[in-house]
Amino acid sequence: MDAAIYAMQKAIELSGTDLSLQQAAISNTADLYLHNNELEKANELYMQSIRLGAADLHSIMGIGWIALVHDKKYAMAEKIFRFVQGKTKSPDPLYKLILVAQARESNEAEKKLANEFINIVNDKGYDNMYNKYLVELYNDVLSEPGRAEAIAKHELQNRATPQTYAWYAYSLFKNNKGEEALKVYQQQVSGKPLEGLELYWIGKMMQGLHKGYNAQAYLKEAYKNRYDLSPAKTKDLERMYGTK
């Protein structure tokens with residue numbers, strides 16, 4: 001991570017006077033700081049990029065994410081995401097609004113927004129671009145693990161990585177195929193590096209399969225990546241470990 005941040009800082013220096021390059025380098029450096037749990041530095045860079053050009057919707061979304069996952073200012077986060085939603089055809093701010101509804105424990109709004117997101121992604125021909133989000137929504141919001149399993153299996157044809165195998169294993173588990181899920185995990189996921197959401201999913205899968213030691217290891221690692229997770233998942237981790 002330190003090397004990645006250093007490289008992006010060099011990219012800022014090399015961007016010269018090209019505004020689009022400057023903003024891309026600055027906002028991507030902010031993303032890395034956010035991933036590294038250095039939220040103040042991330043926020044400073046997002047603001048720096050916005051001051052260079054107010055049309056930087058990526059940085060505006062980054063500030064909204066900090067408001068959501070760290071500051072717990074749900075009304076502010078919703079306002080930011082709805083502002084961006086009005087400026088772009090991308091479904092990304094709509095996905096973030098689903099997570100706001102989750103944080104508020106508004107199940108009806110969460111499901112309504114999830115269905116709206118799925119319809120947009122399917123209708124607009126985004127192909128496989130949002131498969132990870134679809135797997136999450138079908139498994140954890142709409143309780144349709146069969147659909148999630150099919151999407152995750154299809155994704156393996158495009159990208160067979162530990163991450164995508166983790167999607168598939170979790171979907172199998174949610175679809176009451178625990179033995180098959182465990183086999184996929186043992187063959188394709190165990191011992192491999194995972195990102196925050198996949199760490200959480202595998203931890204929950206292990207918990208459900210009564211493998212407490214493995215579950216604890218994954219969930220504790222997921223908590224270290226908590227600013228990559230939705231507030232609802234972070235709350236779940238806090239309930240388990242008593243962290244504040």
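No experiment lies behind these values; they were computed from the predicted model shown. For reference, positions follow the sequence shown, starting with 1.
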Can you name the nearest heavy-atom pair linking [X] to [Y], along with the distance?
X	Y	value
Gln22	Ser15	CG-OG, 3.1 Å
Glu44	Arg51	O-NH2, 4.3 Å
Gly196	Asn225	CA-CB, 3.8 Å
Asp56	Ser27	OD2-CB, 4.1 Å
Ala67	Met76	CB-SD, 4.2 Å
Glu38	Asn36	OE2-ND2, 2.8 Å

Crowded around Lys79 NZ? As in, over 12 foreign heavy atoms under 6.0 Å? no
Would you say that more than 12 heavy atoms from the other residues, nucleotides or ligands in this model lie under 6.0 Å from the OH of Tyr6, or not? no
Salt bridge or not between Lys10 and Glu13? Use side-chain N to carboxylate O under 4.0 Å. yes
Can you name the residues that form a salt bridge (Lys or Arg N to Asp or Glu O under 4.0 Å) with [X], not counting sequence neighbours?
X	result
Lys111	none
Glu116	none
Lys204	Asp236
Glu110	none

Quick one, Leu39 with Leu34, criterion side chain to side chain contact (heavy atoms under 4.5 Å, CB included). Give me CA distance, side-chain angles, the key distance, then yes/no. CA-CA 5 Å; Leu39 274 71; Leu34 184 61; 3.8 Å; yes
Show me the donor-acceptor pairs within less than 3.5 Å that the side chains of residues 129-144 make with the rest of the protein, sequence neighbours left out.
{"unit_1": "Tyr130", "atom_1": "OH", "unit_2": "Asp92", "atom_2": "OD1", "d": "2.5"}
{"unit_1": "Asn131", "atom_1": "ND2", "unit_2": "Asn128", "atom_2": "OD1", "d": "3.3"}
{"unit_1": "Asn131", "atom_1": "ND2", "unit_2": "Glu155", "atom_2": "OE1", "d": "2.7"}
{"unit_1": "Lys132", "atom_1": "NZ", "unit_2": "Glu198", "atom_2": "OE2", "d": "3.0"}
{"unit_1": "Glu136", "atom_1": "OE1", "unit_2": "Tyr95", "atom_2": "OH", "d": "2.4"}
{"unit_1": "Glu136", "atom_1": "OE2", "unit_2": "Lys233", "atom_2": "NZ", "d": "2.9"}
{"unit_1": "Asn139", "atom_1": "ND2", "unit_2": "Val135", "atom_2": "O", "d": "3.3"}
{"unit_1": "Asn139", "atom_1": "ND2", "unit_2": "Ser171", "atom_2": "OG", "d": "3.0"}
{"unit_1": "Asp140", "atom_1": "OD1", "unit_2": "Tyr170", "atom_2": "OH", "d": "2.7"}
{"unit_1": "Asp140", "atom_1": "OD2", "unit_2": "Trp201", "atom_2": "NE1", "d": "3.1"}
{"unit_1": "Glu144", "atom_1": "OE1", "unit_2": "Arg147", "atom_2": "NE", "d": "2.7"}

Give the other cluster members for Leu19, using side-chain heavy-atom distances under 4.5 Å between Ile, Leu, Val, Met, Phe, Trp and Tyr residues; answer none if it is isolated.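 Once heavy-atom contacts under 4.5 Å are chained together, Leu19 belongs with Met1, Ile5, Met8, Ile12, Ile26, Leu32, Tyr33, Leu45, Leu52.
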Do the side chain of [X] and the main chain of [Y] share a donor and acceptor less than 3.5 angstrom apart?
X	Y	value
Gln102	Ser230	no
Asn28	Ala24	yes
Glu149	Phe173	no

Separation between [atom1] of [X] and [atom2] of [Y], rounded to the nearest 0.5 Å:
X	Y	atom1	atom2	result
Ile63	Met47	CD1	CE	5.0 Å
Ile50	Leu57	CD1	CG	9.0 Å
Met61	Gln85	CE	CD	9.5 Å
Asn119	Asn122	CG	CG	7.0 Å
Phe81	Trp65	CZ	CH2	7.0 Å
Glu40	Ile66	CD	CD1	9.5 Å

With sequence neighbours excluded, residues passing side chain to side chain donor-acceptor pair (under 3.5 Å) with [X]:
X	result
Glu108	none
Asp31	Tyr46, His58
His35	Asp228
Ser20	Asp18

Are Leu68 and Phe83 joined in one hydrophobic group, where the rule is that I, L, V, M, F, W and Y side chains link up if heavy atoms are under 4.5 Å apart?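 Linked within one cluster.
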Just so I know, are the side chains of Phe117 and Leu97 near enough to count as touching, which here means a heavy-atom distance under 4.5 Å? no
For residues 179-190, which side-chain N or O atoms pair as donor and acceptor with protein atoms under 3.5 Å away, sequence neighbours left out?
{"unit_1": "Tyr185", "atom_1": "OH", "unit_2": "Tyr218", "atom_2": "OH", "d": "2.9"}

Sorted by chain and residue number, the side-chain contact (heavy atoms from CB on, under 4.5 Å) partners of Pro162 (sequence neighbours excluded) come out as Lys192, Leu194
Show the numbers, then the answer: is there a side chain to side chain contact (heavy atoms under 4.5 Å, CB included) between Leu237 and Leu229? CA-CA 10 Å; Leu237 292 169; Leu229 300 175; 3.7 Å; yes
